[in-house]
Each structure stands twice: as C-alpha cells, then as structure tokens.
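Along the sequence shown, the residues carry numbers beginning at 1. In listed order, ligands and their atoms are each counted from 1.
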Amino acid sequence: MNILKKVWVLAEKQAGLGQLCAGGRQLGEEVSVILWGEKEEADQAIRMGADKVYRLGVLRPEPLKEDYVETILKLLQEEKPDALFVQPTKRGKLIAGRLAAGLGTSALVDAVEILTDGDKVQIQHMVYGGAAFRTERIQPQTAIVTIGTGVFTPLAEDSGHQGTVIEVEFVEPAVKIKLLEKKSKASAEVNLNAAKRVVGVGRGLVQQEDLRMVEELAGLLEAEVGCSRPIAEGMNWLPKERYIGVSGAMLKPDLYLALGISGQVQHMVGVNQAKVIVAINKDKAAPIFSQADYGIVGDFYKVLPSLIEKFKAEH
Ligand SMILES: Cc1cc2nc3c(=O)[nH]c(=O)nc-3n(C[C@H](O)[C@H](O)[C@H](O)COP(=O)(O)OP(=O)(O)OC[C@H]3O[C@@H](n4cnc5c(N)ncnc54)[C@H](O)[C@@H]3O)c2cc1C
C-alpha cells in the first residue's frame, strides 16, 4: 500500500479519535489532528499517534463547531494534506460537506475501507443498503473522507510519542449560526465500538420493559446492549447510538449475541466482522442462522432466564 505524506484527522469528538489516528498512522507519514478542547486533550491526541495537533481552543456556547469551517478551511488551504479523515457524526458529516464545498470538491462518506493509489485516496463504501460496495476516488489536493466506526483499531496510547501543539486563531465566518435553544438529549452516549461483547436485540422484543432481562444478561457477560434499527427508530426503545448496521454502528466485537433479530443484510454488515456470532431466534429459517457460528432455535423469553441463571451461578 502506498503511503500518503500528510493525513489529517478532524476530531469532532474525543471518543473515536484513537481509531482515526490509527488509520492516519497506517496510511500516512505524518498525522495531524484538529480538535477542540483543553491542552490535555491535545496531549492525549499526541499519545494516540498525532505528530501535530491544531488546537481550535475550548468551545464555549458560541461560536458553534460549524462556525469553525472557515478556520479549518484556511488550515487545509495552507497545509494541503493528502486526506482529512472526519468522524461520521452528524456534525462531522455536515462540516465535511462544507469543507469539501469550500475546496471545490466532494466529500467521500461512510468509508468502510481506505485504499491509496499513489498519492490519491480511494474509498470503499456500501451502496444499495449494504448489498454492494462501491469504490470511489477523487482527485483534489485533499480528499475529505468520513470513516465508519470500527474501520481502524485504535493503537495503545504511547506516552513516549512526541508531537507539537499549534494554537489556531479563529477565522470569523461571513455568516454565523445563531444558537436559539439547547435541549439535552435523553440518551446517554455510548461507544459500542469499544465493547468486546455486544448483545443485540431486535423486533422479537415484545415490550420495552423486557429490555431489563436483556440488560441483565449483558451485565453478566460484561457486554454492551445494541439493537436492530426498528428498536431504535420506530419503537424508540433504545437510543439511536445503539443501533447496529449499515446506517448505524459498524462493530468488530469478540462476541455478538443476537436476540430476536432476523439477520437482514443491513443489520449484519454491522456485525459480520465479529469473531463469534451467536443467534437466538424462534424461526429456524431466519437468515441469521446462515451467518451465526452458534444458533439456538427457540423463544428467547424462555432461553434467556436459563442463561441468566447459568451465568449467575458461574459468577
Ligand atoms: C436503506 C436501509 C438501511 C437500513 N439500515 C439498517 C441498519 O443499519 N440496521 C438495522 O438493524 N436495520 C437496518 N435496516 C432495516 C433492515 O432491513 C431490517 O428491517 C431490520 O434489521 C430488521 O430488524 P429485526 O431483525 O429486529 O426485525 P425482524 O426482521 O422483524 O425480525 C425479528 C426476528 O425476531 C424473531 N423473533 C420474534 N420473537 C422472538 C422470540 N420470542 N424469540 C426469538 N426470536 C424471536 C423472528 O423470528 C424474526 O426473525 C435498513 C433498511 C433499509 C432499507
């Protein structure tokens, strides 16, 4: 694989930064991170593999992150990195689109694999709801790429890694976004990617209260709870951060235990890199069984209590 000269990472959030730094190290000679935050966060980015950190300062209620597009654009125009990796958050994608427009190019979104061709970047991403992959390449100086979670594995933090922190001056945007109101989200943030074990629950769940049983099992397995899309979007029984698949989180856990999930491709692309997949489904013809390493044909409302008892006895 060819190595790029300069790979930059835009850290919209500290969680997930390690993955993009690891990707930067894998593909680039020099890795730079642009972030908001205190000096401590910048130092952590260096331990994660950044050679340079462009610190945009600490966010106050205003200006908003979106107001920093001109500031970041100026940096990109001056320093001309080969690629800018952006976290696939809503804000990350929004900023990526505006940066690409500012550079007169397009953003490559939801990459599941990054390839290099000379000093050019190619990405693969899923199309047709996960049924096919498309390879795309653009030829600008800087390729703006949003990268799906789980594509790169973060490296262990290295306190011996040396780097420089550069304080960046804010460029006043021509038009500022006015913050009218702030509402806190009901859901707590979750980083499913960090979980070694994940218990996913699907439409086999009859009512929200039954999540308690699923959470109890997950607790005993030291696992995180994830779900299929209908549980998070539609039923709204779990926050959107917990749904897995082509439009949700892409995971590589050691264990994925699927409860009452049929195994549609849009869900399975998010977990088919798991080391072991175990499925419990009452329909023996459910597609998930063709992808699972182990399967139990049965009603998980009956199977789970026995599993919980068994794991409790072993604790
Ligand atoms: C463009 C697009 C993007 C999408 N993106 C995603 C995505 O990112 N993630 C995602 O998850 N989906 C996504 N979907 C939706 C996806 O196609 C499926 O509809 C969804 O994954 C199905 O969820 P499910 O398996 O929970 O439900 P179902 O398909 O309804 O399956 C429920 C399963 O539970 C079993 N079951 C029922 N009761 C029990 C019981 N008591 N015990 C054991 N088993 C039981 C049934 O036999 C059945 O197999 C997307 C769809 C489209 C079109």
K.L.:
Among protein heavy atoms, which lies nearest atom 21 (O) of ligand 1, and at what distance?
P.N.:
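For atom 21 (O) of ligand 1, the nearest protein heavy atom is H267 CB, 3.8 Å.
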
K.L.:
With a 4.5 Å limit on heavy-atom distance, are the side chains of F133 and H125 in contact?
P.N.:
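Of all side-chain heavy-atom pairs linking H125 with F133, none is under 4.5 Å.
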
K.L.:
Within a distance under 4.0 Å of any heavy atom of Y301, pick out the atoms of ligand 1 and give their elements.
P.N.:
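Near Y301, the atoms of ligand 1 are 41 (N).
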
K.L.:
I'd like to check which ligand 1 atoms, numbered from 1 as shown, lie under 4.0 Å from a non-hydrogen atom of V246.
P.N.:
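Result: 3 (C), 4 (C), 5 (N), 7 (C), 8 (O).
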
K.L.:
Report, in ascending order of atom number, the atoms of ligand 1 lying under 4.0 Å from any heavy atom of D299.
P.N.:
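Numbered from 1, ligand 1 contributes 40 (C), 41 (N), 42 (N).
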
K.L.:
Does E40 have more than 12 heavy atoms from other residues, nucleotides or ligands lying within 6.0 Å of its CD?
P.N.:
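For E40, atom CD is crowded (more than 12 foreign heavy atoms under 6.0 Å).
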
K.L.:
Could you identify the single nearest non-hydrogen protein atom to atom 37 (C) of ligand 1 and state the distance to 0.1 Å?
P.N.:
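Atom 37 (C) of ligand 1 sits closest to the protein heavy atom G204 CA, 3.3 Å.
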
K.L.:
With a 4.5 Å limit on heavy-atom distance, are the side chains of Y54 and L10 in contact?
P.N.:
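No. Closest side-chain heavy atoms not under 4.5 Å.
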
K.L.:
Which is it for S247 and ligand 1 at heavy atoms under 4.0 Å: side chain, backbone, both or neither?
P.N.:
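Answer for S247: both.
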
K.L.:
Residues in side chain to side chain contact (heavy atoms under 4.5 Å, CB included) with V199, at least two apart?
P.N.:
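Counting only residues at least two positions away or on another chain, V199 forms a side chain to side chain contact (heavy atoms under 4.5 Å, CB included) with V214, A218, L221, A223, L257, L259.
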
K.L.:
Between R212, Q207, Q208, which is the residue that forms a side chain to side chain donor-acceptor pair (under 3.5 Å) with D210?
P.N.:
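Answer after filtering R212, Q207, Q208: Q207.
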
K.L.:
To check your reading of the model: name the closest protein heavy atom to atom 52 (C) of ligand 1, its residue, and the distance in Å.
P.N.:
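I find the closest protein heavy atom is Q266 CG, 4.0 Å.
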
K.L.:
For atom 19 (O) of ligand 1, find the nearest protein heavy atom and state the residue, atom name and distance (0.1 Å precision).
P.N.:
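Minimum-distance protein heavy atom for atom 19 (O) of ligand 1 reads Q264 CG, 4.4 Å.
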
K.L.:
Look at atom 25 (O) of ligand 1 and say which protein heavy atom is nearest, naming residue and atom and giving the distance to 0.1 Å.
P.N.:
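Closest protein heavy atom to atom 25 (O) of ligand 1: S262 N, 2.8 Å.
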
K.L.:
Does a salt bridge link K39 with D43, judged by any charged N lying under 4.0 Å from a carboxylate O?
P.N.:
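Salt bridge flag = yes for D43 with K39.
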
K.L.:
Taking 4.0 angstrom as the limit, do E12 and K65 come out as a salt bridge?
P.N.:
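Between K65 and E12 there is a salt bridge, with a charged N closer than 4.0 Å to a carboxylate O.
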
K.L.:
Taking 4.0 angstrom as the limit and counting only heavy atoms of G202, give me the atoms of ligand 1 inside it, by number and element.
P.N.:
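That gives atoms 26 (O) of ligand 1.
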
K.L.:
Which residue and non-hydrogen atom of the protein lie closest to atom 32 (C) of ligand 1, and at what distance in Å?
P.N.:
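Scanning the protein heavy atoms, the shortest distance from atom 32 (C) of ligand 1 goes to G260 O, 3.5 Å.
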
K.L.:
Parallel under 30°, tilted from 30 to 60°, perpendicular over 60°: which one fits the rings of Y68 and W36?
P.N.:
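If you compare the ring of Y68 with that of W36, the planes turn out perpendicular.
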
K.L.:
Numbering the atoms of ligand 1 from 1, which are under 4.0 Å from a heavy atom of G248?
P.N.:
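In order of number, 8 (O).
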
K.L.:
What protein heavy atom is closest to atom 42 (N) of ligand 1, reported as residue, atom name and distance in Å?
P.N.:
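Here the closest protein heavy atom is F300 N, 2.9 Å.
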
K.L.:
What do you reckon, does G298 put a non-hydrogen atom under 4.0 Å from ligand 1?
P.N.:
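It does; at least one heavy atom falls under 4.0 Å.
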
K.L.:
Looking only at distances, can you tell me whether any N or O atom of S228, backbone or side chain, sits closer than 3.5 Å to an N or O atom of ligand 1?
P.N.:
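Between S228 and ligand 1, an N or O pair is found under 3.5 Å apart.
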
K.L.:
Under a 4.0 Å threshold between the charged nitrogen and the carboxylate oxygen, would K5 count as salt-bridged to E30?
P.N.:
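Looking at E30 and K5, the cut-off is not met.
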
K.L.:
Would S228 and R203 count as having a side-chain donor-acceptor pair, cut-off 3.5 Å?
P.N.:
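Result is no, nothing qualifies.
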
K.L.:
Look at atom 27 (O) of ligand 1 and say which protein heavy atom is nearest, naming residue and atom and giving the distance to 0.1 Å.
P.N.:
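Of the protein heavy atoms, R203 CB, 3.3 Å lies nearest.
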
K.L.:
Could you tell me whether K282 approaches ligand 1 through its side chain, its backbone, both or neither, with non-hydrogen atoms closer than 4.0 Å?
P.N.:
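Both the backbone and the side chain of K282 come within reach of ligand 1.
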
K.L.:
If we set the cut-off at 4.0 Å for heavy atoms, which region of I244 has an atom near ligand 1: side chain, backbone, both, or neither?
P.N.:
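I244 to ligand 1: backbone contact only, side chain stays beyond 4.0 Å.
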
K.L.:
Do we see a donor-acceptor contact under 3.5 Å between the side chains of Q122 and E136?
P.N.:
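Short answer, no.
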
